[in-house]
Amino acid sequence: MGKVVLVTGAARQLAGRFVRRIQRDPDVDRVIGVDAVPPEHHLGGAEFLKADIRHPTIARVLAETGVDTVVHMDINGTPLGSRGGRAVVKETNVIGTMQLLGACQKAPNVQRLVVKSSTSVYGSAPRDPAVFTETTPPKSLPGGGFAKDAVEVEGYVRGFARRRPDVAVCVLRFANILGPCADSPLAEYFSLPVLPTVLGYDPRLQFVHEDDAIEVLRIAASAPRRGTLNSGTFNIAGDGVLLLSQTSRRLGRPTLPLFLPTVMWAGTALRAIGISDFSPEQIRMLTHGRVVQTTQMRETLGFQPQYTTAETFAEFACSRGPGLLPPESLARTVDRLAAVLPARAARPSEEFTHDGGRQGHSLR
């Protein structure tokens, strides 16, 4: 018999893609997708069980199906469609994870647990280190929103790992996932005709392509290859970084620099009319940025992303169509302005090593 894999959050696009991909693995015999609502996309030959992980019924699902690998992807920052609001999302993230881990603890067949987490656990603060490693403590713990949910989820996962040392646990901390099908709050922000930014800040950003996210989840859910280890906590990000100003030029979308209080007000207004989930944690990230080191992803997990941060953003930009300004003309205009500025102000953008290390001077 091959492996029996259970994937939570199957109604979301990324989880649905993973369900379809993991079925092709020769070692996998059965794939079960669970969610509180039926998916609008097809799941290939996988089974779908309507089950809310916030309820104890998830324990019965694990017991009756003989699941040995659990991939927990139902950890998100926004609700699915019209399915409740922030309160429902938090309950699913935190209470749902608690119920799922409790069910895994009682299920003797479970041998591997993969958790889709986020680099937002590091927060975004003005005194952050230039690069976060997996063991770097945040300068300021997230005080709310999805980032705080992710911190709580990881705390429960560590507790589960202590109680079930026989289960291989892998936590993947993803940078912002982008691609043609991205439906995250950051994707909504980049889709605005004009991008509100915080005056005086040009944060560094990292991205992960959807295809790379699927592949690294597959690696984490499989038996480790020779010379690798897929148990532990890993930062997942594409090579290099982009400045927020660079992303706006590549999109052809002008920026609107505003004072921080005005940006906070604008975010509240955008959320109120349903245009974008411009949360306070996202505003902090678009103010101070966040860069993580990915050495362990390569050397220990054995995963090499196919797309760099810049290539990921280029594919995303193509999927969103042209902005208000032609990117080529906008870039030429910026170059001309830089040419007439004093040499000190006209320093070129930073260059970064593949693990996010800085070479050159910060623009912040």
Side-chain angles (χ1 to χ4, degrees), residues 119-120 122-132 175-179 182 184-192 194-209 235 237-260 263 278 281-294 305 307-318 320 323-339 341-364:
T119 58
S120 63
Y122 300 116
S124 293
R127 293 191 176 183
D128 280 349
V131 180
F132 283 102
N176 297 287
I177 299 174
L178 284 183
S184 64
L186 190 64
E188 293 180 2
Y189 168 76
F190 282 132
S191 299
L192 295 172
V194 177
L195 306 181
T197 61
V198 180
L199 185 66
Y201 292 87
D202 197 11
R204 300 170 297 146
L205 306 174
Q206 283 177 310
F207 306 117
V208 184
H209 196 280
N235 293 329
D239 290 352
V241 303
L242 284 176
L243 300 174
L244 181 58
S245 58
Q246 292 174 315
T247 64
S248 69
R249 291 198 295 269
R250 296 179 189 204
L251 285 167
R253 287 174 165 80
T255 59
L256 179 62
L258 302 169
F259 290 106
L260 182 58
V263 176
F278 208 57
E281 66 184 270
Q282 183 168 310
I283 293 174
R284 285 191 292 272
M285 196 266 292
L286 293 174
T287 303
H288 306 294
R290 186 188 307 121
V291 175
V292 298
Q293 189 182 74
T294 55
Y307 295 86
T308 65
T309 286
E311 290 168 346
T312 298
F313 194 79
E315 281 223 352
F316 168 78
C318 288
R320 287 307 188 263
L324 295 176
L325 302 173
E328 296 82 5
S329 300
L330 184 60
R332 284 197 298 270
T333 301
V334 171
D335 290 341
R336 290 195 191 102
L337 289 174
L341 291 175
R344 182 176 180 82
R347 272 181 188 147
S349 300
E350 300 178 37
E351 293 181 357
F352 294 83
T353 60
H354 72 273
D355 62 357
R358 288 191 289 184
Q359 297 175 338
H361 300 274
S362 173
L363 295 181
R364 288 195 294 172

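What you see below is based on every heavy atom in this structure, not just the backbone, and it leaves out hydrogens, waters and symmetry mates.
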Mind checking whether F190 and F313 have parallel, tilted or perpendicular rings, split at 30° and 60°?
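Ring orientation of F190 relative to F313: perpendicular.
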
Yes or no on side-chain contact (heavy atoms from CB on, under 4.5 Å) for L178 and H209, after CA distance, side-chain angles and deciding distance?
CA-CA 5 Å; L178 284 183; H209 196 280; over 6 Å; no

For [X] and [Y], indicate whether the former's side chain and the latter's backbone hold a donor-acceptor pair under 3.5 Å.
{"X": "Y122", "Y": "V291", "answer": "no"}
{"X": "S248", "Y": "P254", "answer": "no"}
{"X": "D202", "Y": "S245", "answer": "yes"}
{"X": "R290", "Y": "G123", "answer": "yes"}

To the nearest 0.5 Å, how far apart are CG in L192 and OG1 in T255?
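That separation rounds to 12.5 Å.
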
How long is the gap from CG on L199 to CG on L256, to the nearest 0.5 Å?
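That separation rounds to 10.0 Å.
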
Derivation of the side-chain contact (heavy atoms from CB on, under 4.5 Å) call for Q206 and T119:
CA-CA 10 Å; Q206 283 177 310; T119 58; over 6 Å; no

Which residue in the set Q282, E281, M285 passes side-chain contact (heavy atoms from CB on, under 4.5 Å) when paired with S124?
M285

If you look at every heavy atom in [X] and [Y], which pair is closest and at what distance?
{"X": "D128", "Y": "A125", "answer": "OD2-N, 2.8 Å"}
{"X": "P305", "Y": "A237", "answer": "CG-O, 3.7 Å"}
{"X": "T287", "Y": "I283", "answer": "OG1-O, 2.6 Å"}
{"X": "N235", "Y": "T294", "answer": "O-CG2, 4.0 Å"}

Are the side chains of [Y] and [X] in contact, using a 4.5 Å heavy-atom criterion?
{"X": "R204", "Y": "L242", "value": "no"}
{"X": "P203", "Y": "H288", "value": "no"}
{"X": "Y201", "Y": "L286", "value": "no"}

Are F207 and F316, when compared by the centres of their aromatic rings, separated by less than 6.0 Å?
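Between F207 and F316, the centre distance exceeds or equals 6.0 Å.
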
Test log, rule side-chain contact (heavy atoms from CB on, under 4.5 Å), inputs I177 and L186:
CA-CA 9 Å; I177 299 174; L186 190 64; over 6 Å; no

Please test L244 against L205 for side-chain contact (heavy atoms from CB on, under 4.5 Å), starting from the C-alpha separation and ending with a verdict.
CA-CA 7 Å; L244 181 58; L205 306 174; 4.1 Å; yes

